Amino acid sequence: MKKLILINCLCIMSLFAFAQGVTTSSLIGTVTDQNGEALIGVNVLATHQPTGTTYGAVTDLDGRYKMNNMKVGGPYNISMTYVGFSDNQLPNQYLSLGEVRKYDVVLQEGGVLLEELVISGSSQPIGTSTGTSTNISNAQIENMPTLGRNLSDYTRLTPQSRSTFGGGTSLGGQNNRYNAVYIDGAVNNDVFGLAANGQNGGQVGIAPFSIDAIDQIQVVLSPYDVSYGGFAGGGINAVTKSGTNKFEGTAYYFSQGEGLAGETNGQLLERTGADEGEKLDEFTNNLVGLSLGGPIVKDKVFFFANAEIQNEETPTPFAGDYDG
């Protein structure tokens with residue numbers, strides 16, 4: 001019998017630690033008037049609605065603004081204000097992990113009675129040429145079916161990926177041990193090369209962290225950004241959830257046994273020369289977990305905690321009598 005306990009506990013403040021991986025998003029753009037002239041000194045404010053965290057910037061001589069180290073996800077409410085011009089509001093905006101989102105905005109002069117007032121803006125991620133990459137949102141993580149509750153169940157959304165023996169992921173045709181796995185910027189590779197899946201915990205058949213604690217996942221294969229590196233196959237970058245101004249939690253239970261599994265697979269039948277498949281020996285694999293997040297100080301300090309317990313009973317692969 002194997003009992004494995006996995007606990008993730010995070011206390012999130014309005015501070016960011018720099019690490020080897022990318023854990024945030026950025027927002028850039030230009031603000032002009034209806035004649036295309038750059039506006040200097042426009043106040044740009046982005047508010048992360050779930051936590052109340054605000055990010056601010058002021059446009060420079062060329063009308064450009066830039067905000068770095070922003071929390072991933074959303075929704076964000078982005079506002080731009082300038083004396084003598086009508087305010088611009090961009091509600092319900094979402095940022096992906098490692099994304100540099102661009103919003104170019106045209107402000108209309110205010111104080112003039114017009115039959116119709118049009119405030120226009122455009123947005124796109126920087127980087128139609130940032131290299132091959134795939135972003136996996138929290139909504140995709142929650143809605144996708146998963147069998148092993150590990151990263152490989154989600155990185156298969158990358159067209160250049162392929163599942164390998166032992167639960168690993170081959171990216172770009174490389175062995176999974178040539179991948180770099182980052183969790184909140186920290187390296188999470190199996191540095192000794194003992195696990196078939198290339199990650200810590202692979203030897204005992206468990207993920208090193210709970211999928212229920214993951215917010216977003218990014219897979220990069222040929223990034224131009226120097227923030228990524230240390231891999232020959234691909235980089236798997238993930239960030240964990242944080243608490244918000246609302247108390248929220250989850251509870252879940254997963255169970256598997258021989259009655260829910262099929263008979264001997266076809267490849268094994270071919271190798272052994274057996275005529276038909278046999279039912280698997282008795283085994284159980286039960287996992288129970290829960291998570292809870294919320295505010296410690298509203299709009300300032302938050303907490304998020306996740307705990308899992310996995311209880312697994314598997315048959316002994318070799319049995320016999322031994323003389324002492």
Side-chain angles (χ1 to χ4, degrees), residues 3-27 45-56 67-78 92-99 135-144 146 149-151 154 181-188 199-201 206-218 236-254 287-311:
K3 271 192 177 179
L4 303 168
I5 300 177
L6 178 65
I7 297 178
N8 300 283
C9 186
L10 301 172
C11 181
I12 305 299
M13 302 178 65
S14 297
L15 300 173
F16 295 93
F18 295 95
Q20 295 183 358
V22 176
T23 61
T24 58
S25 303
S26 299
L27 187 66
L45 185 68
T47 304
H48 186 252
Q49 297 299 313
T51 62
T53 305
T54 58
Y55 305 86
M67 286 183 280
N68 294 321
N69 299 326
M70 301 179 68
K71 292 175 65 67
V72 301
Y76 277 92
N77 182 30
I78 303 172
N92 299 321
Q93 303 298 319
Y94 289 82
L95 301 179
S96 299
L97 173 62
E99 177 187 29
N135 282 83
I136 304 167
S137 66
N138 182 255
Q140 290 175 294
I141 295 174
E142 292 180 350
N143 294 325
M144 275 191 62
T146 172
R149 286 181 58 79
N150 53 45
L151 281 179
Y154 302 94
V181 182
Y182 299 104
I183 307 298
D184 284 336
V187 179
N188 205 262
Q199 299 178 38
N200 295 322
I206 188 173
F209 49 84
S210 170
I211 286 296
D212 205 62
I214 296 298
D215 190 8
Q216 290 192 29
I217 303 171
Q218 181 189 40
I236 302 174
N237 189 26
V239 292
T240 54
K241 297 177 181 177
S242 68
T244 65
N245 284 326
K246 294 172 58 180
F247 284 99
E248 296 178 322
T250 60
Y252 48 93
Y253 174 74
F254 297 92
L287 184 146
V288 61
L290 56 88
S291 64
L292 180 64
I296 298 177
V297 178
K298 188 176 180 179
D299 293 341
K300 294 183 179 180
V301 185
F302 312 90
F303 76 93
F304 177 84
N306 172 269
E308 281 188 0
I309 298 178
Q310 181 172 330
N311 192 332

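All figures in this text were calculated on a predicted structure; none of them were measured in a lab. In what follows, every heavy atom counts, from backbone to side chain, and hydrogens, waters and symmetry copies are set aside.
Checking side-chain atoms of Glu142 against main-chain N and O of Ala139 turns up no donor-acceptor pair under 3.5 Å. At distances below 3.5 Å, at least one donor-acceptor pair connects side-chain atoms of Lys241 with backbone N or O atoms of Asp212. A donor-acceptor distance shorter than 3.5 angstrom exists from the side chain of Asn245 to the backbone of Thr51, with no hydrogens or angles considered. With hydrogens and angles ignored, the 3.5 Å screen pairs no side-chain donor or acceptor of Asp215 with any backbone N or O of Ser242.
Counting heavy atoms from C-beta on, the side chains of Tyr55 and Leu27 never come closer than 4.5 Å. Put simply, the side chain of Val187 reaches to within 4.5 Å of the side chain of Tyr182, judged on heavy atoms. Taking the side chain as every heavy atom from C-beta outward, Tyr252 and Glu308 approach each other to under 4.5 Å. You'll find the side chain of Gln218 stays beyond 4.5 Å of the side chain of Ser96, heavy atoms only. You'll find the side chain of Leu290 stays beyond 4.5 Å of the side chain of Asn306, heavy atoms only. Contact check for Met144 versus Tyr154: side-chain heavy atoms found under the 4.5 Å cut-off. Residues Thr244 and Phe304 fail the side-chain proximity criterion, which asks for heavy atoms closer than 4.5 Å.
Atoms CD1 and OG1, on Ile183 and Thr23 in that order, are 11.5 Å from each other to the nearest 0.5 Å. Here the CZ-CZ distance, from Phe302 to Phe247, works out to 11.0 Å after rounding to the nearest 0.5 Å. Met67 CE to Leu95 CG: the interatomic distance, rounded to the nearest 0.5 Å, is 9.0 Å. Atom-to-atom distance recorded for Glu248:CD and Leu292:CG is 9.5 Å, nearest 0.5 angstrom. Here the CG atom belonging to Asn237 is positioned 9.5 Å from the CG atom belonging to Asn135, to the nearest 0.5 angstrom. Between Asn69 atom CG and Thr24 atom OG1 the span is 4.5 Å, to the nearest 0.5 Å.
Residues Ser210 and Arg149 approach most closely at OG-NH2, 3.5 Å, considering heavy atoms. The nearest pair of heavy atoms linking Met70 to Ala46 is CE-CB, 3.8 Å. Closest approach of Pro75 and Pro50 over heavy atoms only: O-CD, 3.7 Å. Minimum interatomic distance between Val72 and His48 (heavy atoms only, all atoms of both residues): O-NE2, 4.1 Å. The minimum heavy-atom distance linking Gly98 with Ser25 is given by the pair N-OG, 4.1 Å.
When Leu97, Ile217, Asn138 are each tested for a side-chain contact (heavy atoms from CB on, under 4.5 Å) with Val239, only one passes: Leu97.
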(request) Would you sort out whether Thr146 and Ile211 count as a side chain to side chain contact (heavy atoms under 4.5 Å, CB included), showing the intermediate values? (result) CA-CA 10 Å; Thr146 172; Ile211 286 296; 5.8 Å; no

(request) List the steps and the verdict of side chain to side chain contact (heavy atoms under 4.5 Å, CB included) for Lys71 and Tyr76. (result) CA-CA 10 Å; Lys71 292 175 65 67; Tyr76 277 92; 3.6 Å; yes

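Looking at residues two or more places apart in sequence or on another chain, you find a side-chain contact (heavy atoms from CB on, under 4.5 Å) between Leu45 and Thr47, Thr54, Ser79.
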